[in-house]
> 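Dropping a structure here in structure tokens format, bear with me for questions.
Atoms within each ligand, like the ligands themselves, are counted from 1 in listed order. Just so you know, these numbers use all the heavy atoms, side chains as well, and skip hydrogens, waters and symmetry mates.
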Amino acid sequence: MNLVFLGPPGAGKGTIAVIAKDALGVPHISTGDLFRANIKNETELGKEVKAILASGGLVPDEITIKMVEKRLQEDDAQKGYILDGFPRTVPQADALAEMSKLDAVINFVLDPDEIIRRLSGRRVCKSTGRTYHITSNPPKVEGIDDETGEPLIQRDDDKPEAIKHRLEVYEAATAPLIEYYRAKGILIDLDCSGAPADILAELLKKLN
Ligand code: AMP
């Protein structure tokens, strides 16, 4: 099954993708994770996009599309995929339509105040990528990863100025994709205000 998870940053796309990929038996492909891995490994691509990610802006379409095209050619993506964070612009959606046929686009719907609460409270373990929330999903010891014992950090783009910018970018560049996919008849709206297990159950029900 070929799926796109669409929605504002902080709506829970990544959290649900991590549990949905096992339920559906397809890989979770997050363009944000791919960029962050390149930055961590100090690749040429990583150096090119580092400042863009820190500011909360969008990486140019050409670079992003090329990266996704390559990833979708890997073996594990032949049985399907969950694309999380791509497409984010109309040219990216047009390029994806050329590469692959989508079964559904899931529109993650969440109240703007809750989005800001989730993003500003998010903390991550830099080495494993595991995420927490300071109140709704805290680590056992404040500021420390449960598994590695490393200090948790706040992503640069989860800081207030970058959050504001990311939400503006979402409204201007990505939100138009909701109508783009609705017009194609493949959009499924998903209420994301509840707990992850309930959201997943609702998603699987809607996909059936
Ligand atoms: P995310 O983890 O999905 O919030 O993505 C983190 C950052 O990676 C975004 O704020 C952008 O800078 C960049 N990024 C991720 N996906 C895309 C995309 N499809 N197009 C352009 N930039 C992207």
> Taking non-hydrogen atoms only, is T64 closer than 4.0 angstrom to ligand 1 via side chain, backbone, both or neither?
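Contact part for T64 vs ligand 1: side chain (C-beta onward).
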> Could a heavy atom of K50 be found less than 4.0 Å from some atom of ligand 1?
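Under 4.0 Å: no for K50.
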> Taking 4.0 angstrom as the limit and counting only heavy atoms of T31, give me the atoms of ligand 1 inside it, by number and element.
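So the atoms of ligand 1 that pass are 15 (C), 16 (N), 17 (C), 19 (N).
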> At the 4.0 Å heavy-atom cut-off, does K13 count as touching ligand 1?
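The answer is no, since K13 has no heavy atom less than 4.0 Å from ligand 1.
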> Check each of E171, R166, H165 against V169 using the side chain to side chain contact (heavy atoms under 4.5 Å, CB included) test, and report the only one that passes.
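Passing option: H165.
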> Below 3.5 Å, N or O to N or O, backbone or side chain included: is there any such pair between G85 and ligand 1?
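Yes: some nitrogen or oxygen of G85 is under 3.5 Å from one in ligand 1.
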> Quick check: does V59 get an N/O under 3.5 Å from an N/O on ligand 1?
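Between V59 and ligand 1, an N or O pair is found under 3.5 Å apart.
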> Under 3.5 Å between some N or O of ligand 1 and some N or O of D84?
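Such a contact does not occur with ligand 1.
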> Output yes when the distance from some N or O of ligand 1 to some N or O of S30 is under 3.5 Å, and no in every other case.
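No: no nitrogen or oxygen of S30 is under 3.5 Å from one in ligand 1.
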> What distance separates K79 NZ from D76 CG, expressed to the nearest 0.5 Å?
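K79 NZ to D76 CG: 6.0 Å, rounded to 0.5 Å.
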> Do D84 and F108 make a side-chain contact, defined as non-hydrogen atoms from C-beta onward lying under 4.5 Å apart?
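Sidechains of F108 and D84: no contact.
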> For atom 23 (C) of ligand 1, what's the nearest protein heavy-atom neighbour? Residue, atom name and distance, please.
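Here the closest protein heavy atom is F35 CE1, 3.7 Å.
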> Salt bridge check: are K66 and E69 linked by an N-O gap of less than 4.0 Å?
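No, no charged N to carboxylate O under 4.0 Å.
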> Which atoms of ligand 1 are found less than 4.0 Å from any heavy atom of R166?
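Numbered from 1, ligand 1 contributes 4 (O).
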> Please name the residue in the list L3, L6, L177 that meets the side chain to side chain contact (heavy atoms under 4.5 Å, CB included) test with V105.
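When side chain to side chain contact (heavy atoms under 4.5 Å, CB included) is applied between V105 and each of L3, L6, L177, only L6 qualifies.
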> What distance do I188 atom CD1 and I106 atom CD1 have between them, rounded to the nearest 0.5 Å?
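That separation rounds to 4.0 Å.
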> Is a side-chain donor or acceptor of R88 paired with a backbone partner of G85 at a separation under 3.5 angstrom?
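Side chain of R88 to backbone of G85, a donor-acceptor pair under 3.5 Å: yes, one is there.
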> Starting at CG of L83, measure out to OG1 of T31 and round the result to the nearest 0.5 Å.
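Rounded to the nearest 0.5 Å, the CG-OG1 separation comes out at 7.5 Å.
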> For atom 6 (C) of ligand 1, what is the closest protein heavy atom, and at what distance to 0.1 Å?
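Result for atom 6 (C) of ligand 1: R36 NH1, 3.5 Å.
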> Salt bridge or not between R118 and D158? Use side-chain N to carboxylate O under 4.0 Å.
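Salt bridge absent between R118 and D158.
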> Show me which atoms of ligand 1 lie under 4.0 Å from any heavy atom of G57.
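Counting from 1, the qualifying ligand atoms are 10 (O), 11 (C), 12 (O).
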> Could you work out, for atom 15 (C) of ligand 1, the closest of M67, R88, H165, Q92 by heavy-atom distance?
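Going through M67, R88, H165, Q92 one by one, R88 has the nearest heavy atom to atom 15 (C) of ligand 1.
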